[in-house]
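Just so it is clear, the structure is predicted and the values come from calculations on it, not from any experiment. Residue numbers start from 1 in every chain, and the chains themselves are labelled A, B, ... in the order their sequence lines are given, proteins ahead of strands. Both backbone and side-chain heavy atoms feed into the values below; hydrogens, waters and symmetry mates do not.
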Protein chains: 4
Amino acid sequence: MNSIQDNKYSQQRQAAIGAAASVFAAKGFHGASTKAIAEKLGIKQGSLYYYFKSKEEALGEVCLFGIQNYVQRMDAIANSSQPFEAKLVAVVTSHLTSYRERNEALKVYNDERLYLPKEKRTKLKELGSGYRQSLERIFEDALAAAILKPSVDCHFAAQAVIGLCNAWGDLIVRDPNIDIYEIIEKCTDLLINGFGYSEHK
Amino acid sequence: MNSIQDNKYSQQRQAAIGAAASVFAAKGFHGASTKAIAEKLGIKQGSLYYYFKSKEEALGEVCLFGIQNYVQRMDAIANSSQPFEAKLVAVVTSHLTSYRERNEALKVYNDERLYLPKEKRTKLKELGSGYRQSLERIFEDALAAAILKPSVDCHFAAQAVIGLCNAWGDLIVRDPNIDIYEIIEKCTDLLINGFGYSEHK
Amino acid sequence: MNSIQDNKYSQQRQAAIGAAASVFAAKGFHGASTKAIAEKLGIKQGSLYYYFKSKEEALGEVCLFGIQNYVQRMDAIANSSQPFEAKLVAVVTSHLTSYRERNEALKVYNDERLYLPKEKRTKLKELGSGYRQSLERIFEDALAAAILKPSVDCHFAAQAVIGLCNAWGDLIVRDPNIDIYEIIEKCTDLLINGFGYSEHK
Amino acid sequence: MNSIQDNKYSQQRQAAIGAAASVFAAKGFHGASTKAIAEKLGIKQGSLYYYFKSKEEALGEVCLFGIQNYVQRMDAIANSSQPFEAKLVAVVTSHLTSYRERNEALKVYNDERLYLPKEKRTKLKELGSGYRQSLERIFEDALAAAILKPSVDCHFAAQAVIGLCNAWGDLIVRDPNIDIYEIIEKCTDLLINGFGYSEHK
DNA sequence: AATGAATGAGAGTTCATTCAT
DNA sequence: TATGAATGAACTCTCATTCAT
């Protein structure tokens, strides 16, 4: 069997992307040294360049990996036939789980993509926008179905969900004792009902 | 009396902190060069060391400035006698306004403080915790006054507010066309009522 | 007195250009290391970058220095009112003397300028062409005055003079025992009369 | 009989020498990478080491090839029974033709041999000297036959011929539009008669 | 006969930092 | 109070070379 994944080169390259993600996430792009990345991979510094043309290319690959993985899950959720509330839970779960699974690539995409050259940044932005748009669509559908109050601004809502999840994601990455499912529940409750008192709920 | 001299020195030092904040915010701690900071101040690279012992000290001062300024406003709000909703609006307004006013120091505190040596980081953490605790107290008071639904976790709530504001803060910094007052309103509405439909509201 | 030359920075920079010229001439651009250049100057490697933005810039400055100096002398000769033969002697003398005076910059211009980026190369080419054109003009004037035989191709002649001088220049640089004045005489004799026998001369 | 194998190996090796010559000529020894040489040959970088023990050995072989080829032709000319003028034409033609035929090895011998270790350089020098000496002998014979004027210094003459041809060779390599036969004619005319006017010619 | 993968030494370059002036 | 000049360590990146396969 000679499948694509079998390819030893791309396997090692994928491992290199993982190592880079981990170091970039911990130290930032400029604070990360190629030596540290190579050491995490178990090879010597110069050998990294067998897999990447430059440190910048490594950043690009990490970001791409981080967001791709991510957008795919979102698409699956958006295209599913679950009711709104289930979708929202799925989105938050997907987002936070991804942080807990040490998907450092996502953090890197969030925090470091601005150090990429314009060209690459634009490509990634499209993917990222795709994510936000899928999320917006989920809100729009719910709005049309009168599940949300009419005043809801779906663009604002999508950004708020993403921002909230990223903020908790950061905390989750730093503190492994946080109960992720508790956070998921509280986040969705906040998003749907707010903190305010209302006798119906 | 050398208070005048002292005054001039500390004025320039404050300006240096501002310049550092600006460059750190734009490029991150490791991506920022002392040369760039000096240029922004209008002096030469080596002269920076008249105001800071090291680049790291500069980072410390920036973070301190960012959070101090911030905590003070929060304390004022927490200690005021406004009703809960007004306090929440005030908090969000204070937070987002601070981004719009290019208070880059706050962004630096959020994103770069982890590059400080442990000792300093701990000191800052206390301040930051003070901020969060004041915010938590606001929620606790409201909870006691039955303005919030009993299930609200005040710690979660405070973190959520901070996270949401920081996320929108980043967007605001990058896009000067965003109407900040619209965001403030939508954020507080989200926090109190959520997006979900409920006939009472 | 505060003349331009007094400026310590430009004095050191000029010295740096000289050191670079020497190393480039001996090892070629790619074979020369910035460390070697710095050592010749008596400073540490990194300090070179106080005077040059890059190794390439250093090459550019060396080439410029080499050819400028050179073109000036040629212009002086071309614009003088000496007879043709005297001019030719002056040109050859100027060219070969410059090699003997260890004007390594000229050798660098000849051999290494092709490693400059296009933009800079073009600028230098103009200067170099100016040199060749001045030389051509000397031949053209002599042709018009019937001092040269009518069949002479002035472009060919100028290139031949330059080529011959560069070739002997290389030998002169390598062997300090060569009698430069003997070479000058023989070169001019070759250029005017050739090696062939003719009873008139 | 393993002569066929041997043959294939040495054929490929010869091709490798050609590829190396081409890259060395274009970028210089230090500027040339083994990867570029391998690519020109159509093999991978590491495989070059099947044919050469080191980059330096490749340089040695290129230089040897360049000068051998060359000396052979010169010997043939020197030992022929043509009259002086025909020999001179033959020499110049051989030299310039060799550049036009992209015999980059010769250029490499001229420009890069100094990067060889002393031992090898000395061996090559003997060959090169053989070339010059053959040429000198041609001049000496002509001098003895009173075809050249008595003042001619045969050593100088040989060097001048070589230098002139190398200089034009460089121009020829760079500009494929140059009419090589015109140059040959003008060079020999210059060498025999000079540029100066004389009623006999 | 050739390759894929890795290495280690060294390159050019940047930069926080120092210090005499 | 500020600068010019230099430093040395670290960094990214290149490349000749090796070797198991």
Side-chain angles (χ1 to χ4, degrees), chain A residues 7-9 11-13 16 29-38 41-58, chain B residues 5 8-9 12-13 16 29-38 41-59, chain C residues 7-9 12-13 16 29-38 41-58, chain D residues 5 8-9 11-13 16 29-38 41-59:
Chain A
N7 191 325
K8 195 182 170 195
Y9 177 82
Q11 251 177 272
Q12 261 288 97
R13 190 165 196 271
F29 178 64
H30 289 113
S33 75
T34 55
K35 197 184 175 208
I37 297 171
L41 241 187
I43 62 176
K44 293 294 156 64
Q45 188 195 30
S47 309
L48 255 196
Y49 287 76
Y50 189 64
Y51 299 101
F52 302 117
K53 232 176 52 191
S54 68
K55 190 184 171 187
E56 206 175 84
E57 183 183 301
Chain B
Q5 279 194 325
K8 192 180 170 201
Y9 176 83
Q12 260 291 95
R13 188 164 198 271
F29 177 64
H30 289 112
S33 76
T34 56
K35 202 186 172 204
I37 297 171
L41 241 187
I43 63 175
K44 292 293 157 62
Q45 192 179 17
S47 311
L48 257 193
Y49 287 74
Y50 191 69
Y51 299 103
F52 303 117
K53 228 178 53 193
S54 69
K55 190 184 171 188
E56 204 175 85
E57 184 184 300
L59 176 60
Chain C
N7 189 324
K8 197 182 168 194
Y9 177 82
Q12 261 287 98
R13 190 164 197 270
F29 178 65
H30 289 112
S33 76
T34 54
K35 198 186 174 205
I37 296 172
L41 241 187
I43 62 176
K44 293 295 156 64
Q45 189 191 30
S47 310
L48 255 195
Y49 287 76
Y50 190 63
Y51 299 101
F52 302 118
K53 233 177 52 192
S54 68
K55 190 184 171 187
E56 205 176 85
E57 184 184 300
Chain D
Q5 279 194 324
K8 192 179 170 201
Y9 177 82
Q11 251 177 272
Q12 260 290 97
R13 190 164 197 271
F29 177 64
H30 289 110
S33 75
T34 55
K35 202 188 171 202
I37 297 172
L41 241 187
I43 63 176
K44 292 293 158 61
Q45 193 179 16
S47 311
L48 257 194
Y49 287 74
Y50 190 70
Y51 299 103
F52 304 117
K53 226 177 57 192
S54 69
K55 191 183 169 188
E56 206 175 82
E57 184 183 301
L59 176 60

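- Judged by Watson-Crick or G-U wobble contacts below 3.5 Å, the nucleotide E/dG8 has F/dC15 as its partner.
- E/dA11 atom P lies 10 Å from atom NE2 of D/H30, rounded to whole Å.
- The interatomic distance linking C/K55 (NZ) with E/dT14 (P) rounds to 14 Å, in whole Å.
- Residue whose closest nucleotide on DNA chain F sits further toward the 5' end, between B/Q12 and A/S47: B/Q12.
- Between C/L41 atom CG and F/dT7 atom P the separation is 10 Å, expressed in whole Å.
- Rounded to whole Å, the distance from CD on A/E56 to P on F/dT12 is 12 Å.
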Inset, instruction - Could you walk me through whether A/R13 and A/N7 pass side chain to side chain contact (heavy atoms under 4.5 Å, CB included), step by step? - result: CA-CA 10 Å; A/R13 190 165 196 271; A/N7 191 325; over 6 Å; no
In a table with atom names and distances, give each donor-acceptor pair under 3.5 Å that connects a side chain of residues 42-54 of chain C to protein atoms at least two apart or in another chain.
residue : atom : partner : partner atom : Å
C/Q45   : NE2  : C/T34   : OG1          : 2.9
C/S47   : OG   : C/K44   : O            : 3.4
C/S54   : OG   : C/E56   : N            : 3.4
C/S54   : OG   : C/E57   : N            : 3.1

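- Atom CG of C/L48 and atom P of E/dT14 are 13 Å apart (whole Å).
- For E/dA16, neither phosphate oxygen OP1 nor OP2 lies less than 4.0 angstrom from any side-chain nitrogen or oxygen of B/S54.
- Rounded to a whole Å, the CG atom of A/N7 is 11 Å from the C1' atom of E/dG4.
- C/Y51 comes within 4.0 angstrom of sugar-phosphate atoms only, judged by non-hydrogen atoms across all strands, and of no base.
- Between the NZ atom of A/K35 and the P atom of E/dA9 there is a distance of 13 Å, rounded to whole Å.
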Legend entry - D/F29 and D/K55: CA distance, side-chain angles, deciding distance, side chain to side chain contact (heavy atoms under 4.5 Å, CB included) verdict: CA-CA 9 Å; D/F29 177 64; D/K55 191 183 169 188; 3.7 Å; yes
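- Across every strand in view, E/dT14 sits in a pair with F/dA9 that passes the Watson-Crick or G-U test at under 3.5 angstrom.
- Each of C/I43 and A/G31 was matched to the nucleotide of DNA chain F holding its nearest heavy atom; the match closer to the 5' end belongs to C/I43.
- Side-chain atoms of D/Q45 stay outside donor-acceptor range of the base of F/dC15, with no qualifying N/O pair under 3.5 Å.
- With a cut-off of 3.5 Å on both pairing distances, the Watson-Crick or G-U wobble partner of E/dA20 is F/dT3.
- Within the 4.0 angstrom heavy-atom criterion, only backbone atoms of the sugar-phosphate kind lie near A/A32; the bases stay farther away.
- Looking at the side chain of C/K44, the nearest of the listed nucleotides F/dT7, E/dT17, F/dA2 is F/dT7.
- Residue C/S33 is classed as a sugar-phosphate contact, given heavy-atom separations below 4.0 Å to backbone atoms only.
- Counting to the nearest Å, the P atom of E/dG10 and the OH atom of A/Y49 are 19 Å from each other.
- What you find for B/I37 and B/A16 is that their closest heavy atoms are CG2-O, 4.5 Å.
- In this structure, B/Y50 reaches the F/dT1 phosphate: one of its side-chain N or O atoms is under 4.0 Å from OP1 or OP2.
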